[in-house]
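Data block below; observations after.
In listed order, ligands and their atoms are each counted from 1.
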Amino acid sequence: MGNVLIVGDLHGNTDHALTVLRVAVRQGCPKVFAVGDFGAWEHMPSGRRYFDVVNRAAKRAGVTVYFLDGNHDKSSLLVEKYGERRDEEGFLVCRKYLRYAPRGHRWEWEGTTFAAFGGARSTDKGWRLARESHREEQAATRRAYGSSRRPLTAGTLWFPEEEMTDDELESLLAQHDSPVDVLLTHDKPRATQPQFNRKNKPECFPNQDRIQRVVEQLRPAVHFHGHLHFRYSETIAAGPGQWTRVEGLAADPEASHHPAYAVDHSWTVLELPHTTGSALAEPAAG
Ligand SMILES: [Fe+2]
Ligand SMILES: [Fe+2]
């Protein structure tokens, strides 16, 4: 069954997606898992094209691409379109080789247990909403002059479902709260303190607290996330005497502004089986 290439934010960057698929082949990974801000923009023609291109390239590479939702993925549309099309492991089949892990989804590969929790807060929410309303005003002006076009505006740049709510999280945890080996999220847990942190802002803390709650409930041995666009590793407490190794992954080159960025900071190989049990008894060295 092979290993999994875990990948940071792609933001719909087709060139980067093709690079990632080549790396997956080179590294002997028949699966790629992207930890959000994948580029789920199927409300736009370009977003549907991106899904088609990734699907075709994945098929050629013999790879299946999985992803969870970031703040810049329209997850409500994924659930609407593909909620009834699930594979045998419960993933939503967006394309044959492109599958979505909805929030709270759990599965097992090679005896290793996984859970995915998407969502995060957009710090540029105000800018996105302002742009949507500017487009709506422009469309209204055109209509006043006789245009019959009704372009999509609301819900095209900012998605109200972007972060988990407390109720959503509690209901997901009420369904399943047992430990997992590997946790995949878009947002960071509150406790990590990376050197470079674009999201160290009060409006981001509630969702980071929710992810921290997930870590402490599921006590994974390892936790991968994106959203910061920065590669770091840190070990944090997941409970009394239990530790989780957190791996933050960088993004595609277009979205990476840190001077020390290298493209291979945006992926890492997870070898399977990864059965260290749940949280580690001791912090990993290094
Ligand atoms: Fe991102
Ligand atoms: Fe993000």
Parallel under 30°, tilted from 30 to 60°, perpendicular over 60°: which one fits the rings of Phe230 and Tyr232?
parallel
Can a salt bridge be assigned to the pair [X] and [Y] using a cut-off of 4.0 Å between side-chain N and carboxylate O?
X	Y	value
Glu247	Arg231	yes
Lys74	Glu42	no
Lys188	Glu234	no

Sort out for me which residue in Tyr97, Phe38, Phe51 forms a side chain to side chain contact (heavy atoms under 4.5 Å, CB included) with Val65.
Phe38
Quick one: pull up CG in Leu272 and CD in Glu108 and give me the separation to the nearest 0.5 Å.
10.5 Å
Under-2.8 Å protein N/O/S neighbours of the Fe ion (ligand 1), ordered by chain then residue number:
Asp9 OD2, His11 NE2, Asp37 OD2, His229 NE2
